[in-house]
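Okay, structure first, notes after.
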Amino acid sequence: MSLHADRTVSYEKYHGTSNDFIIIDADEFIPNRYSFATTYCDRTDGAGTDLDIDEDDHVGADGVLFLALEEKYSPPRVIMTLVQPDGSTAAMCGNGARCAAAWAAEQTGASEVMVDTQAGTRHATVHDDGSVTIEMGVPAFDPRDVPLTHDGPLIEEELEGFSVTAVNTGVPHAVIFVDDVDDVDLETVGPTLRYADVFPEGANVTFASPSENGFDQRTYERGVEGETQSCGTGAVAVVAAAKRLGRLDDGESVTVSPPGGDLEISVPDDAPATLRGPVAHEFAGELGRDPSSEL
């Protein structure tokens, strides 16, 4: 192996409704995952700048998925670690887990995959149409689970001028229902709510408004520190909060539409929530293992 090859690592780029991720085989040695993620997720100079990619593909990413595949199990398992653009890790990412399942299915030919996350093990199904369904666990409103400094659940209580409901769908979300999500100045109000004192670990901030088929959604993501084109945990949080507030009938499957595309959400009473949506492979290439070093 050449010195140049020693210094590079192969990657693949996937997205779920335009929530996009760099995928690295966890067996590959990366000296500093923090530096790797903060460098290659950059939207100007990140992964993809060295490739002749289509204009519809996106430079950089919403995170790096380090995936360890264990094929000896049936169904196969993939251990997922998500490092975000700010170098932090997230316990769960719905679209990231769907991309991880699609990647594992491509490696193994399996249509069922178990995805091990820091929020627990999630079962995924890869469908013939290219969509992936991932179990998302049971949404939690208890202040110990979100977590909150609040005495009791935070349900439609005023926070920074908004009526906020707090729920954990693998990561904490502040959910706000408004008449039209397009009227929200998310880059301004997102950070204020994300760092509100009631959230000791911070929160993702998700706005939702009624649509013809369900809800429109916009999310300011913790760790990305900006709006993403789609957020799977946020979509589940919207439906969980809507159900808690009596906006939905029990067992109803709902379409949630972030800017990147439609997601199908189910939050039943007696089973884990599920998230279904398309997954696509964007491109592949080589990146420096240690971006602080020159190749």
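Note that this is a predicted model, so its numbers are computed, not measured.
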Hydrogens and angles aside, do [X] and [Y] bring a side-chain donor and acceptor to less than 3.5 Å of each other?
X      : Y      : value
Asp262 : Ser257 : yes
Asn204 : Thr219 : no
Ser18  : Gln229 : no
Asn19  : Asp62  : yes
Ser35  : Asn32  : no
His281 : Glu106 : no
Asp116 : Thr121 : yes
Thr165 : Glu156 : no

Please determine if [X] and [Y] form a salt bridge, counting it only when a charged side-chain N lies under 4.0 Å from a carboxylate O.
X      : Y      : value
Arg77  : Glu71  : no
Asp86  : Arg222 : no
Lys13  : Asp20  : yes
Arg194 : Glu221 : no

Output yes when a side-chain donor or acceptor of [X] lies under 3.5 Å from a complementary backbone atom of [Y], and no otherwise.
X      : Y      : result
His127 : Asp129 : no
Tyr220 : Val189 : no
Arg276 : Thr125 : no
Thr38  : Tyr34  : yes
Arg218 : Val181 : yes
Arg247 : Arg244 : no

Problem set entry | Side chain to side chain, Val164 and Leu154, heavy atoms closer than 4.5 Å |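 Yes; the side chains approach each other to less than 4.5 Å.
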
Exercise. What's the verdict on salt bridge (Lys or Arg N to Asp or Glu O under 4.0 Å) for Lys243 and Asp269, showing C-alpha distance, side-chain angles and the deciding distance?
Worked result: CA-CA 10 Å; Lys243 183 178 176 181; Asp269 287 331; 2.5 Å; yes

For this session: Might you confirm whether atom CG of Asp185 has over 12 heavy atoms from other residues, nucleotides or ligands at distances under 6.0 Å?
Result: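 Check passes, neighbour count above 12.
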
Exercise. Where does the angle between the aromatic ring planes of Tyr11 and Phe283 fall among parallel (under 30°), tilted (30 to 60°) and perpendicular (over 60°)?
Worked result: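 The arrangement is perpendicular - the two ring planes meet at more than 60°.
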
For this session: Tell me, with the steps shown, if Phe215 and Phe177 meet ring-ring contact (aromatic ring centres under 6.0 Å, His included).
Result: CA-CA 9 Å; Phe215 295 97; Phe177 291 97; 5.7 Å; yes

